[in-house]
Undergrad: 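This structure is in structure tokens; I'll ask about it shortly.
Residue numbers start from 1 in every chain, and the chains themselves are labelled A, B, ... in the order their sequence lines are given, proteins ahead of strands. This structure is a prediction, so every number in the text was calculated from the model and none was measured.
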Number of protein chains: 2
Amino acid sequence: MNAPATPAHLLPGAPLRPVPDAFIDALRARFGEQCSTALAVREQHGRDEGSIQAPPPSAVVFAETTQDVADAVKLAAQWEVPVIPYGAGSSLEGHLLAVQGGISIDVGRMNRVLRVDADDLTVTVQPGITRKQLNEAIKDTGLFFPIDPGADASIGGMCATRASGTNAVRYGTMRENVLALEVVTASGDIIRTGTRAKKSAAGYDLTRLIVGSEGTLGLITEATVRLYPLPEAVSAAICSFPSIEAAVRTVIQTIQLGVPIARVELIDAQTVRLVNAHSKLGLREEPLLLMEFHGSPASVKEQAETVQDIAGEFGGNAFEWATTPEERTRLWTARHNAYFAGVQSRPGCRCITTDTCVPISRLADCLLDSVAEADASGIPYFLVGHVGDGNFHFGYLIDPDDADERAKGEALSHSLVARALDMGGTCTGEHGVGIHKMDFLLQETGDGAVDMMRAIKRALDPKNILNPGKIFAL
Amino acid sequence: MNAPATPAHLLPGAPLRPVPDAFIDALRARFGEQCSTALAVREQHGRDEGSIQAPPPSAVVFAETTQDVADAVKLAAQWEVPVIPYGAGSSLEGHLLAVQGGISIDVGRMNRVLRVDADDLTVTVQPGITRKQLNEAIKDTGLFFPIDPGADASIGGMCATRASGTNAVRYGTMRENVLALEVVTASGDIIRTGTRAKKSAAGYDLTRLIVGSEGTLGLITEATVRLYPLPEAVSAAICSFPSIEAAVRTVIQTIQLGVPIARVELIDAQTVRLVNAHSKLGLREEPLLLMEFHGSPASVKEQAETVQDIAGEFGGNAFEWATTPEERTRLWTARHNAYFAGVQSRPGCRCITTDTCVPISRLADCLLDSVAEADASGIPYFLVGHVGDGNFHFGYLIDPDDADERAKGEALSHSLVARALDMGGTCTGEHGVGIHKMDFLLQETGDGAVDMMRAIKRALDPKNILNPGKIFAL
């Protein structure tokens with residue numbers, strides 16, 4: 001994907017901060033070959049899956065233990081150098097960019113499962129393990145970790161961005177599924193934010209303060225997360241609809257009836273075409289819902305029948321079932337590749353990805369108005385969504401060398417966010433703020449709430465070394 | 001209930017802070033008859049359902065609007081006088097006590113439902129509405145608010161203490177069920193912490209920072225909470241067991257199998273005797289589980305059969321069903337009155353209430369060791385628990401005039417907490433820290449985490465006027 005230089009208005013005002021040679025020398029002395037200043041390594045750690053660019057970090061430390069992370073942060077604190085935690089590199093909003101300079105702390109080698117408490121439905125892991133690695137490691141327990149943001153993200157990164165994905169409608173987001181964290185603070189101290197108890201009223205909820213803080217309040221070095229029994233029965237189905245509205249109304253009624261559907265994804269007709277082309281599928285090129293039901297065989301049957309009845313009322317076709325695990329995997333992989341299918345459909349394009357989420361009652365209005373606006377603009381786009389949560393993603397595919405398209409794309413994105421906020425929604429359901437959505441955050445919460453965030457940031461990171469320049473300008 | 005003076009070691013070190021006459025005059029000028037300095041009113045607002053005492057606040061402001069709260073806090077900030085929010089007065093850990101002096105802000109008159117969004121399964125309320133008032137107000141929507149801490153607490157207070165109760169095993173706690181808050185900050189500014197979107201990754205999770213902050217970071221003036229469709233079918237059942245262990249093993253296996261049981265409460269044999277005497281019930285005086293199942297008729301039947309099978313393996317008797325709503329209400333009222341049944345069984349006693357919560361795999365060990373210890377002490381007690389969450393309450397019923405009993409009771413409480421922490425649990429599942437559990441919090445989280453809480457407190461309330469002397473000593 002073509003990645004243009006960062007638009008000036010997206011970069012926080014602060015210039016690059018000095019990274020003294022003596023600091024790099026101290027890092028090398030402590031970390032030896034775990035510290036790299038090779039350009040290729042630095043460049044790889046200075047970007048994410050988004051399209052914004054910044055100069056790479058000055059060095060990368062490959063942490064292997066919590067103490068490594070703590071020591072690196074202590075050195076950085078001493079020299080007042082920014083540190084940016086790096087997991088799998090799959091974030092989308094510029095979270096990993098060294099916009100004020102500094103170093104990257106890569107926790108990818110910290111990818112072990114530390115303890116499985118199958119009887120308690122919890123697991124404690126290091127931050128660098130990815131969700132797929134985690135599920136592979138626990139596959140013999142009869143349990144699984146459901147949160148599925150599409151990318152094979154690291155658990156630490158998923159905590160840091162408050163990730164969710166296709167299963168959140170049933171199992172919640174990282175907000176609901178993290179029990180406790182070990183965190184390295186801005187001074188390099190190591191704290192624990194909770195216990196393995198399922199609930200607690202013991203003081204401030206530091207766990208949920210760190211979840212979603214995007215590396216700006218502490219570096220996550222361990223996470224205890226919830227697991228779930230693998231459902232006895234799983235069924236996936238596709239249902240095509242005559243219109244987006246019909247599909248969305250089906251979802252709204254399903255949620256309002258309290259059907260515990262495990263996944264329900266909308267793909268609009270032209271995105272189905274892109275996905276068909278990219279993943280060699282033969283899906284009917286109409287708006288469709290891709291659904292999954294989990295439970296006992298009787299419960300799955302009951303859920304599916306209820307939703308089929310609702311879909312029928314709105315003109316949905318008969319469900320097409322994906323009965324084998326392989327068929328299900330193929331469908332979900334195709335869904336997760338919608339982003340790439342979109343981007344590859346227009347070679348050289350830049351994708352402006354959006355992430356709005358609205359109360360479910362406003363979902364149809366929000367989607368239909370946004371589709372009409374996108375169609376009128378002439379900008380190609382794709383549209384997918386975790387519609388059971390009211391969360392959806394337009395990807396506007398612009399030619400980055402065409403100033404008119406860039407302006408149109410940004411205008412679409414702004415208009416979409418304004419519409420979602422008007423409807424009681426949020427500018428980001430799951431991707432986080434990073435660099436890209438700082439203005440939107442302010443628009444969403446107002447100055448007072450962002451001032452409260454700033455006060456917390458200043459209190460916990462007085463030297464502003466933890467991933468500075470993200471979420472808000474200080 | 002007899003309420004002795006606060007043990008000196010439980011009071012934070014800070015002495016009473018001055019409340020200048022000029023400040024009281026300013027309050028009167030702004031609030032007129034909404035401000036009272038009558039001793040009876042002040043005394044009523046200077047205590048909670050716990051047993052610790054402190055001098056009453058100097059005045060009580062009866063707020064009727066968010067602006068009232070903001071104006072009262074602005075005046076308090078100007079004079080550096082502590083403010084303590086007051087809802088229904090049902091907290092247990094000394095949350096409402098004016099341990100450093102100051103005024104009480106009673107939000108009981110702010111008890112309106114502001115908007116019901118039935119299609120979104122959300123409601124926005126003022127903080128003084130109680131959970132029963134809320135459910136009464138929305139009864140025609142087909143929805144309900146499940147969180148049920150026993151007491152008819154205010155929603156604002158339930159947010160402030162991160163309350164939960166009998167339904168939490170299925171529906172979660174206030175942590176999971178608050179979408180957004182309106183909050184008056186220490187400077188008297190009004191902020192909103194979230195939107196009505198079901199999920200969000202937009203900046204720090206201020207909602208969950210305020211939930212459980214016990215009035216020390218801001219005063220809640222509005223709350224948007226989740227509602228649920230009233231289940232199509234509800235069944236309640238009692239099952240008696242030959243031992244506590246048999247009952248608990250049944251619960252553990254039920255949870256581990258993923259049965260979505262809505263309530264599962266343990267009552268030990270002697271507490272059944274107390275409850276029988278207090279509520280005129282004829283329950284079999286053996287350890288029992290009081291359960292409730294929610295869902296479609298087929299799902300409820302399936303759940304109940306599964307649990308009956310598990311109970312049978314552990315020697316449980318046949319389920320006795322409470323089929324009518326009246327019978328269910330009678331049983332749950334009896335359960336909620338267990339505390340009063342216990343306290344009234346020993347006239348003049350003081351109850352040391354505990355609130356530990358452990359990972360479910362350790363629940364049987366923790367309970368059995370704690371029962372053995374309590375039996376050996378000779379101190380009368382009651383034992384009830386939201387055992388599906390690993391949360392349970394011993395109430396040690398001591399004679400407050402007997403130094404030996406006081407010492408034994410405190411020793412039991414300390415030993416219970418130490419045991420729970422050893423097992424990966426927490427000192428408070430749902431009551432909060434208040435005054436009483438400050439030492440336990442430190443023991444649970446360590447200095448580092450409490451230092452982080454202190455840093456947040458100092459940043460957001462630099463004059464330390466918001467319910468000072470609670471959760472931790474500054």
Undergrad: If we only count heavy atoms from C-beta on, is the A:Cys357 to B:Lys199 side-chain gap below 4.5 Å?
TA: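 A side-chain contact under 4.5 Å exists here.
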Undergrad: Which bit of A:Ile360 is near chain B, if near means a heavy-atom gap under 4.5 Å: side chain, backbone, both or neither?
TA: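 Both backbone and side chain.
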Undergrad: Quick check for you: among B:Cys427, B:Gly446, B:Ser299, B:Ser164, which has the greatest number of heavy-atom pairs under 4.5 Å with chain A?
TA: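 Most pairs with chain A among the choices: B:Ser164.
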Undergrad: Please classify the contact between B:Arg208 and chain A as side chain, backbone, both or neither, with a heavy-atom cut-off of under 4.5 Å.
TA: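 Both backbone and side chain.
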Undergrad: Checking heavy atoms, do the side chain of A:Asn391, its backbone, both or neither come under 4.5 Å from chain B?
TA: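 Just its side chain gets close to chain B.
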Undergrad: Looking only at heavy atoms and a cut-off of under 4.5 Å, which of B:Leu206, B:Ile210, B:Thr356, B:Val450 has the most pairs with chain A?
TA: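 Between B:Leu206, B:Ile210, B:Thr356, B:Val450, the count favours B:Leu206.
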Undergrad: Using a cut-off of under 4.5 Å on heavy-atom pairs, state which of B:Leu421, B:Thr216, B:Asp117 scores highest against chain A.
TA: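 With the most close heavy-atom pairs to chain A, the winner is B:Thr216.
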Undergrad: Looking only at side-chain N and O atoms, does A:Glu302 offer a donor or acceptor that is under 3.5 Å from a partner on B:Ser296?
TA: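 Note: B:Ser296 and A:Glu302 side chains meet the donor-acceptor criterion.
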Undergrad: In terms of heavy-atom pairs under 4.5 Å, which option from B:Leu217, B:Ile252, B:Val358 contacts chain A the most?
TA: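 Option with the top pair count is B:Leu217.
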Undergrad: As an exercise: rank B:Ala168, B:Ala298, B:Pro229, B:Ser200 by heavy-atom pairs under 4.5 Å with chain A and give me the winner.
TA: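 Option with the top pair count is B:Ser200.
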Undergrad: At a 4.5 Å cut-off on heavy atoms, which part of A:Phe472 comes close to chain B: side chain, backbone, both, or neither?
TA: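 For A:Phe472, the side chain is the part near chain B, not the backbone.
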Undergrad: Counting only non-hydrogen atoms closer than 4.5 Å, does A:Val169 touch chain B with its backbone (N, CA, C, O), its side chain (CB onward), both, or neither?
TA: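 Backbone plus side chain of A:Val169, per the 4.5 Å heavy-atom cut-off to chain B.
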Undergrad: Are the side chains of A:Ile456 and B:Leu460 in contact, using a 4.5 Å heavy-atom criterion?
TA: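 Result yes, sub-4.5 Å side-chain heavy-atom pair found.
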Undergrad: Heavy-atom pairs under 4.5 Å with chain B: which of A:Pro260, A:Gly429, A:Gly425, A:Ala163 has the most?
TA: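 Winner by heavy-atom pair count: A:Gly429.
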Undergrad: Tell me, side chain or backbone of B:Leu257 under 4.5 Å from chain A's heavy atoms, or both, or neither?
TA: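 The answer is the backbone of B:Leu257.
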Undergrad: Between B:Leu209, B:Leu441, B:Asp389, B:Thr207, which residue shows the highest count of heavy-atom pairs closer than 4.5 Å to chain A?
TA: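 Answer, by heavy-atom pair count under 4.5 Å with chain A: B:Asp389.
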Undergrad: Does the side chain of A:Met452 come within less than 4.5 Å of B:Ile191's, by heavy atoms?
TA: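 They are in contact (side-chain heavy atoms under 4.5 Å apart), so the answer is yes.
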Undergrad: Locate the shortest heavy-atom distance separating A:Thr426 from B:Ala202; write the atom from each residue and the value.
TA: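 The answer is OG1-CB, 3.7 Å.
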Undergrad: Please tell me if the side chains of B:Gln256 and A:Asp119 come closer than 4.5 Å, counting only heavy atoms from C-beta onward.
TA: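 Yes, at least one pair of side-chain atoms sits under 4.5 Å.
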Undergrad: What are the two closest heavy atoms between B:Thr195 and A:Gly424, and how far apart are they?
TA: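 Taking B:Thr195 first and A:Gly424 second, the nearest heavy atoms are CB-O, 3.3 Å.
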Undergrad: Can you tell which of A:Gly212, A:Gly203, A:Gly218 has the highest number of heavy-atom pairs within less than 4.5 Å of chain B?
TA: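 Option with the top pair count is A:Gly203.
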Undergrad: For chain B, which of A:Ile255, A:Thr193, A:Val433 has the most heavy-atom pairs under 4.5 Å?
TA: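 Top count of heavy-atom pairs under 4.5 Å with chain B: A:Val433.
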Undergrad: Go through the atoms of B:Pro359 and report whether side chain, backbone, both or neither lie under 4.5 Å from a heavy atom of chain A.
TA: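 Both backbone and side chain.
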Undergrad: Please classify the contact of B:Thr173 with chain A as side chain, backbone, both or neither, using a heavy-atom distance under 4.5 Å.
TA: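 The side chain, not the backbone.
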Undergrad: Considering all heavy atoms of both residues, which atom of B:Ala459 and which atom of A:Ala455 are nearest to each other, and what is their separation?
TA: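 Looks like CB-O, 3.6 Å.
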Undergrad: What part of B:Glu444 is in contact with chain A, defined as an atom under 4.5 angstrom from a non-hydrogen atom: side chain, backbone, both or neither?
TA: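 For B:Glu444, side-chain heavy atoms alone lie under 4.5 Å from chain A.
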Undergrad: Given a strict heavy-atom distance threshold of 4.5 Å, which part of B:Arg175 is in contact with chain A: side chain, backbone, both, or neither?
TA: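 Side chain of B:Arg175 only, per the 4.5 Å heavy-atom cut-off to chain A.
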Undergrad: For A:Arg196, is it the side chain, the backbone, both, or neither that has a heavy atom closer than 4.5 Å to a heavy atom of chain B?
TA: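 Contact with chain B involves both backbone and side-chain atoms of A:Arg196.
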Undergrad: What part of B:Thr185 lies closer than 4.5 angstrom to a heavy atom of chain A: side chain, backbone, both or neither?
TA: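 It is the side chain, since no backbone atom gets that close.
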Undergrad: A:Gly258, A:Ala449, A:Gly448, A:Ala420: which one forms the most heavy-atom pairs within less than 4.5 Å of chain B?
TA: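 Answer, by heavy-atom pair count under 4.5 Å with chain B: A:Ala449.
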Undergrad: As an exercise, state the distance from CE of A:Met453 to CG of B:Asp205, rounded to the nearest 0.5 Å.
TA: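 Result: 9.0 Å between the selected atoms.
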Undergrad: Please classify the contact between B:Val183 and chain A as side chain, backbone, both or neither, with a heavy-atom cut-off of under 4.5 Å.
TA: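 Looking at B:Val183, nothing touches chain A.
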